[in-house]
Amino acid sequence: MKMSQIYIPTLKEKPTEAETPSHELLLRAGMIRRVAAGIYSFLPLGYRVVRRVEQIIREELEKAGAQEVHLPLLHPAELWKESGRWDEMGDLMVKLKDRRDREYCIGPTHEEVMTDLIRYELKSYKDLPQNFYQIQTKVRDEIRPRFGLLRAKEFSMKDAYSFHANWESLDATYQDMHKAYCSIFQRCGLDYRVVEADTGPMGGTDSHEFMVLAETGEDSVLFCDSCGYAANVEKAQSKVSKQEEKIAPPEKEEIYTPGVTTIEGLEKTMDLPGEYLFKSLLYRGEKDYYLAIVRGSDQLNENKLMALLGDPHLHLAEEGYKNLPAGFLGPQGDHGLKVVADELVMEMEWGVAGANRVDYHVQGIIPGEDFSPDMIGDIRSARHGEGCPRCEGTLEEIRGIEVGHIFKLGTKYSESMNAHYLDENGKAFPMIMGCYGIGVTRTVAAAIEQNHDENGIKWPLPIAPYQVILLTLGKDEKVNEESEKIYEELKKAGVEIIWDDRPERPGVKFNEADLLGIPLRITVGRKYLETGQLEIRDRYNNEDYLLEKSQLLTWVQDYLGEEESI
RNA sequence: CGGAGCGUGGCGCAGUCUGGAAGCGCGCCUGCUUUGGGAGCAGGAGGUCGAAGGUUCAAAUCCUUUCGCUCCGACCA
């Protein structure tokens, strides 16, 4: 492709909307343009990258035995009401009505439509397992779209759904998909980690996330260097030391603590470390109120709390409960609330809690004596520096971008939607399901978050919009002729090459080549006529090479081949 | 949803307080010069000042309403 014939509107200045490197560079390199909040158009160069990622995904999934389908964007409300998610999903779904007042939503995901597709005809155990995938645009009314393609309202996603007659079969497909995902992200040239994850609102049992490592990532991952344990902070466990410095328990008595409603304030007022304070948080679930207790030094983990209580509708109760005063809550006494305590709380010898009346706390509260929780479990967040739950190592925290997520769904959807199969004895059972997602457009952005410098993008070769960019400097007719020869030779050899044949000044061409991030840059100018040597720069390492023209094709092919075989 | 801020040419911004001819830089078009890391000179095109209503002789500027966008927060009760 000649650069004079392709539309690449680059920007010299950083657009104000851009908060993060991938967002800025995608805009500046003329790859995407914003249409509305969280909604983007892809320009020719940007779309080429999307297609490269899609292609790698297709190849690896076909290898894993998945079949490509294409499901609709517009879903009838009935399907979602059947699964119960019409209300459960809440405002995340964009809902609309047609002229006859029929209700629809724009698919934020496709479990319902997929299950519906197979439930009437896929009836026998002999037809299982099956694994279907599609690459589709999803629409989710995110609370706050941001960071360009990283959290968009409309985005491209590869989703896959598998159906099984037994758990062993699901396990096997799950493993195949796990492997396929590893191949996909490796082939995309990305540094990623697989981590244990929380299943969240999707439901199900096992779940793993694929995280591209990048400082700007929205997710935190804890991992252990010695045994390889890795988990999302939403789920991670850890080994923690108990109350270290022993403080003798004081007499139980109420203390006047005017206006002290925070743990930080209480630490100062009482001159005690957080391990001696009870942090009490009031939660409202679907039916009940809960008082969740963790140590003052710990963070409550809402995901763990939801999992423990089996209630996905939990949220912090902002309206309060009866006449219990905000900021002075405690687990003890006759308040009528269900108390859920963290395991570590029960190991505290004593502590200070709110007195359940304004401006007072109580010291000398002993777990198990002064209060007995209705439920005990791990409801705190693990942290950097704590012990690995599997070995003697230490957990480290890193930032990542979630680009893939696989779940063992089980029978959540097949039960609610009556997707049954008949076994050898003619008996009906709900199919066992798995589901597997990859954020295609997010992967593109994540690749940039991980691979860029102050001058622009550094595309990993396999997903770069072009492999080689040829710069022609000056107006010399001979330089132009030589450039054309090189361009034709490489093109003919199957190299994806873009030729900057524009009448721009050298500075513009060099800077834009850096910005666009094409992996190899070949420069042809007056110097070439003088020395007969071509200059090649590897954009990734910013290393330069000098070559005779006769060596060029072999050198380039070697370079491209080596990278591809990694 | 709570808080803060911003809407002025394709992009980045000034002008708004104190009403009185819509400006600057980048980009774009034409010409000449220049040509190895975002050129120089000269000329030029392009704007319902987010929208609606109001005040006024006069509104980008003041008032009211509304729409859009961005950032922070939404676990320390």
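Chain letters run A, B, ... following the sequence lines, proteins first, then strands; residues in each count from 1. Worth saying up front: this structure is predicted, and the values here are computed from it rather than measured.
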Exercise. Considering every strand shown, what is the Watson-Crick or G-U wobble mate of B/C32 when both distances are under 3.5 Å?
Worked result: B/G40
Exercise. If we take the C1' atom in both B/G37 and B/A42, what is their distance in whole Å?
Worked result: 27 Å
For this session: Would you indicate whether A/Glu548, at its atom CD, is surrounded by more than 12 heavy atoms from other residues, nucleotides or ligands within a distance under 6.0 Å?
Result: yes
For this session: Output the single nucleotide from B/U70, B/G36, B/U34 whose closest atom is nearest the side chain of A/Arg505.
Result: B/U34
Exercise. Expressed as a whole number of Å, how far does the C1' atom of B/U66 sit from that of B/G7?
Worked result: 14 Å
Exercise. Is there a donor and acceptor pair closer than 3.5 Å between the side chain of A/Glu13 and the base of B/G27?
Worked result: no
For this session: Let me know which of A/Gln363, A/His361, A/Arg357 forms a side-chain hydrogen bond (donor to acceptor under 3.5 Å, both in side chains) with A/Glu254.
Result: A/Arg357
Exercise. Of the nucleotides B/A77, B/U70, B/G38, which one has an atom closest to the side chain of A/Arg28?
Worked result: B/G38
Problem set entry | Given B/U35, B/G36, B/G38, the nucleotide with the shortest approach to the side chain of A/Thr523 | B/G36
Exercise. Ring centroid separation for A/His335 and A/Phe371, is it under 6.0 angstrom?
Worked result: no
Exercise. Quick one: is A/Lys12 getting a side-chain N or O under 4.0 Å of the B/G12 phosphate, OP1 or OP2?
Worked result: no
Exercise. Does A/Thr16 place a side-chain N or O at less than 4.0 Å from the phosphate oxygens OP1/OP2 of B/C13?
Worked result: yes
Exercise. Among A/Leu222, A/Leu395, A/Asp298, A/Val233, which residue meets the side-chain contact (heavy atoms from CB on, under 4.5 Å) test with A/Arg383?
Worked result: A/Asp298
Exercise. To the nearest Å, how far apart are A/Ile8 CD1 and B/G38 P?
Worked result: 20 Å
Problem set entry | Separation of the C1' atoms in B/U70 and B/C32, to the nearest angstrom | 44 Å
For this session: Confirm from the modelled atom types if A/Arg521 and B/G37 form a donor-acceptor pair under 3.5 Å, side chain to base only.
Result: yes
Exercise. Just how far, in rounded Å, is C1' of B/A77 from NE2 of A/His335?
Worked result: 14 Å
For this session: In whole angstrom, give the distance that lies between atom OH of A/Tyr289 and atom C1' of B/A77.
Result: 13 Å
Exercise. Counting only Watson-Crick or G-U wobble pairs whose two distances fall under 3.5 Å, which nucleotide matches B/G23?
Worked result: B/C13
For this session: Measure from the side chain of A/Leu329, starting at C-beta and using heavy atoms only, and say which of B/A77, B/G36, B/C69 lies closest.
Result: B/A77
Problem set entry | Nucleotide opposite B/C6 in a Watson-Crick or G-U pair, distances under 3.5 Å | B/G68
Problem set entry | Whole angstrom value for the distance that separates P of B/G27 from CZ of A/Arg502 | 13 Å
For this session: Take atom C1' in B/C62 and the same atom in B/C75, then report the distance between them in whole Å.
Result: 45 Å
For this session: Mind listing the closest non-hydrogen atom pair of A/Phe223 and A/Ala230 along with its distance?
Result: CB-CB, 3.8 Å
For this session: May I have the distance from A/Glu302 (atom CD) to B/A74 (atom P), rounded to whole angstrom?
Result: 10 Å
Exercise. Which whole number of Å gives the distance between the C1' atom of B/C11 and that of B/C69?
Worked result: 16 Å
For this session: Taking atom P in both B/G10 and B/U48, compute the distance separating them and give it to the nearest angstrom.
Result: 9 Å
Problem set entry | B/U65 versus B/C57 - spacing of their C1' atoms, nearest Å | 26 Å
Exercise. Looking across every strand, which nucleic acid part, if any, lies under 4.0 Å from A/Leu281 by heavy atom: base, sugar-phosphate, or nothing?
Worked result: sugar-phosphate
Exercise. Tell me: CG of A/Leu473 to P of B/G38, nearest whole Å?
Worked result: 12 Å
Exercise. Given B/C69, B/A74, B/A77, which nucleotide is nearest the side-chain atoms of A/Ile143?
Worked result: B/A74
Problem set entry | Per A/Val508 side chain, nearest of listed nucleotides B/C75, B/G37, B/A39 | B/A39
Exercise. Looking only at heavy atoms, which two atoms of A/Leu516 and A/Ile457 are closest? And how far apart?
Worked result: O-CB, 4.1 Å
For this session: Quickly work out the A/Phe510 CZ to B/A39 P distance and round it to whole Å.
Result: 13 Å
Exercise. Using a cut-off of 4.0 Å on non-hydrogen atoms, how would the nucleic acid contact of A/Arg146 be classed: base, sugar-phosphate, or nothing?
Worked result: sugar-phosphate
Exercise. For B/C49, what is the paired nucleotide under Watson-Crick or G-U wobble rules, both distances under 3.5 Å?
Worked result: none
Exercise. Using purine N1 to pyrimidine N3 plus N6-O4 or O6-N4 for Watson-Crick, or N1-O2 and O6-N3 for G-U wobble, each under 3.5 Å, what pairs with B/A58?
Worked result: none
Problem set entry | Whether A/Tyr40 and A/His23 hold their rings parallel, tilted or perpendicular, with breakpoints at 30° and 60° | perpendicular
For this session: For A/Gly507 and for A/Lys153, find the nucleotide of RNA chain B with the closest heavy atom, then tell me which residue's nucleotide is more 5'.
Result: A/Gly507
Exercise. Base, sugar-phosphate alone, or nothing: which one does A/Asn301 contact when heavy atoms must sit under 4.0 Å apart?
Worked result: nothing
For this session: Tell me the partner of B/C1, counting only Watson-Crick (N1-N3 plus N6-O4 or O6-N4) or G-U wobble (N1-O2 and O6-N3) with both under 3.5 Å; none if nothing fits.
Result: B/G73
Exercise. Are A/Tyr289 and A/Tyr283 close enough that their ring centers fall under 6.0 Å?
Worked result: no
Seminar exercise, completed: With the side chain defined as heavy atoms from C-beta on, A/Lys475 is closest, among B/U70, B/G38, B/U35, to B/U35
Exercise. Atom CD of A/Glu19 to atom C1' of B/G5: distance rounded to whole Å?
Worked result: 13 Å
Problem set entry | B/G53 versus B/A14 - spacing of their C1' atoms, nearest Å | 28 Å
Problem set entry | Contact nearer the 5' end of RNA chain B, comparing A/Gly296 with A/Lys527 | A/Lys527
